[in-house]
Amino acid sequence: MLSFQSWFASRRLRHFLCLSILTCALVLLPTTIARGQDLSFLSQKASAIPPDGVIRYGSIEATWVRSPLDGEDLFQIAATTVTDRQNLGPDDLPVEIRAQSIEALLQIEFERFHDNVFRRLVHKWRLWPTDELKARTADVIISTLNNRPVIQIKGSDRSRPLTIITVTQTDVDFYSETPEVLSAEWSRILQGEIEQIEQLSSLKVVYRGLWWSLAILLGAIAVTGLCACLHWLTGRQRRRLKQQRDTASESETARTDSASLSAPPSDEATAPPDNGAQPVTISSSVDTLPSDTLRAQRKLSGLRAERSRFLEILHQEPPLERKLSVLKFLQWLLVWLVVFAWYCSLIGLTYTLPIIRYWRSTLLSEPFKLLLIWFVVNLALRVNRTLTHRFTQMTPGIAAKQSGEAQRKLLRTNTIGGAWEGLATVVIILTGTLL
């Protein structure tokens, strides 16, 4: 039956306990705070703070309108400042709601282009009977409604234009321009977006994008297959080296046991019996120091030799263990190579397929940060574990060769190293969780 110390010294058990404690703390802490005090004033204060992406300039709030095509910023719009977004009045229209409405209208117009491309491809490939369609075109026009400039998009397949945005007095105050100049600038930006979607909707560009997408997917599959083969070969090499290590360790242990059993008896046991004869004392000019001083010097020399042997054992690493560590790191690196290959493939597809181009900015922001944090945390954990084991782990054959004092020092070093590894693991995981 294992003792409590060996049971707690298990690395996996320490990691599991650290993660469990951290998870319970993160789950229970907000509940405890919410029960212990009234947080209503925090919600009221949060409602007065503008949301992300909204910039407040006194009595005016501004935000960016993003392109439904690639998610890039097009132009800024403004609205009157809203201090309480939880209790909106009949005349209150937050600027972010206005921006979302404009983006939704642009998305409707862009989806009409995508639908036109799909219908033309169906007719081209004769998948099912359908009428032949021409390539869709659109123009951005400026109209007047209630003495205000209105920007509209007139498509070739529609009899009525789609109203996108109305230039308000708040927009004019924010830009310090006339309504005519402001509407002309916005219409120029939207016309550029329309021309871009028209170019991407041509069958030639669509075919080229599909071929590039197929090539990207095949490349990701090839990288995955190659990494899988290398992972399997590396795992087989690791298993072979583990068998060699276990065999060598068993042989070393057996040889040490046989050597200890066949060792000759000590000098005291083989000394001839004392028949009453007086021992012969040989005086020497060298042995003039007192016996206590000689014993102290011999003890100090022994401690120095013991310390040197201990440090030598502590810093040495068997070649098999080094190879196993390298192979294990290579296997971990191959897994991450597959992850990054598919992530880069998804980003590449956003450049070749117009229908998912909008997700490019999203993939390059939060998912990339999370993936990078996850990779750095795993790398830090592996480096911590490797460095700790480098200075604490010892093979049974090496440990069996040492004296009792050296073995006790090595055991103390292992205990300190295990505690340090657990502490560093908690700090690394907590830092990654906070990030």
Side-chain angles (χ1 to χ4, degrees), residues 8-23 216-249 314-348 363-395 413-414 416-435:
F8 186 76
S10 175
R11 177 171 56 84
R12 293 185 177 180
L13 181 61
R14 292 200 307 272
H15 290 178
F16 176 75
L17 290 177
C18 293
L19 290 176
S20 301
I21 295 173
L22 179 61
T23 304
I216 291 174
L217 291 177
L218 291 178
I221 294 174
V223 171
T224 303
L226 179 62
C227 291
C229 293
L230 293 177
H231 193 278
W232 178 77
L233 292 175
T234 307
R236 188 176 67 174
Q237 182 70 10
R238 281 187 62 195
R239 290 190 294 269
R240 186 176 65 83
L241 292 178
K242 283 183 178 180
Q243 291 178 358
Q244 293 182 4
R245 182 191 63 182
D246 296 340
T247 303
S249 178
L314 188 63
H315 292 282
Q316 73 180 16
E317 184 179 7
L320 283 179
E321 294 294 335
R322 189 182 302 111
K323 291 180 180 179
L324 286 173
S325 301
V326 172
L327 292 176
K328 188 176 181 180
F329 179 76
L330 287 178
Q331 283 187 313
W332 174 81
L333 199 61
L334 288 172
V335 174
W336 273 101
L337 182 60
V338 172
V339 173
F340 279 109
W342 280 102
Y343 179 77
C344 294
S345 300
L346 289 178
I347 296 177
L363 288 174
L364 290 174
S365 57
E366 298 301 329
F368 178 75
K369 294 178 183 177
L370 293 175
L371 196 63
L372 183 62
I373 291 172
W374 187 17
F375 174 78
V376 172
V377 167
N378 277 269
L379 181 62
L381 289 175
R382 285 188 169 273
V383 171
N384 173 52
R385 189 182 306 121
T386 301
L387 292 178
T388 305
H389 287 192
R390 171 69 183 271
F391 293 100
T392 57
Q393 292 292 336
M394 59 178 179
T395 59
T413 305
N414 289 338
I416 296 174
W420 166 257
E421 180 185 358
L423 177 61
T425 300
V426 172
V427 172
I428 293 172
I429 293 177
L430 181 60
T431 304
T433 304
L434 294 177
L435 289 176

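Throughout, residue positions are numbered sequentially from 1 according to the sequence presented.
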Item to complete: Inspect the surroundings of CH2 in Trp332 and state if more than 12 heavy atoms from other residues, nucleotides or ligands are less than 6.0 Å away.
Response: yes
Practice prompt. Decide if atom CZ of Phe375 counts as having more than 12 heavy atoms of other residues, nucleotides or ligands within a radius under 6.0 Å.
Written response: yes
Discussion item. Just checking Tyr343 against Trp336, ring centres under 6.0 Å apart?
Written reply: no
Item to complete: Ignoring hydrogens and angles, tell me if any N or O in the side chain of Asn384 forms a donor-acceptor pair with the backbone of Ala380 under 3.5 Å.
Response: no
Discussion item. Could you go through Leu379 and Phe329, starting from their C-alpha distance and side-chain angles, then the distance that decides it, and tell me whether this counts as side chain to side chain contact (heavy atoms under 4.5 Å, CB included)?
Written reply: CA-CA 10 Å; Leu379 181 62; Phe329 179 76; 4.0 Å; yes
Discussion item. Is there a side chain to side chain contact (heavy atoms under 4.5 Å, CB included) between Lys323 and Gln237? Walk through the geometry before answering.
Written reply: CA-CA 10 Å; Lys323 291 180 180 179; Gln237 182 70 10; over 6 Å; no
Distance (rounded to the nearest 0.5 Å) between [X] [atom1] and [Y] [atom2]:
X	Y	atom1	atom2	answer
Leu337	Thr224	CG	OG1	8.5 Å
Asn378	Leu333	CG	CG	11.5 Å
Leu334	Leu233	CG	CG	10.0 Å
Trp342	Ile347	CH2	CD1	14.0 Å
Leu430	Leu435	CG	CG	9.5 Å
Leu241	Asp246	CG	CG	11.0 Å

Practice prompt. Would you please say whether a donor-acceptor pair under 3.5 Å links the side chains of Gln243 and Arg240?
Written response: no
Fill in: For Leu327 against Thr234, the heavy-atom pair lying closest together
O-CG2, 3.4 Å
Response to the item:
Smallest heavy-atom separation, Arg238 atom then Gln331 atom, equals NH1-OE1, 2.7 Å
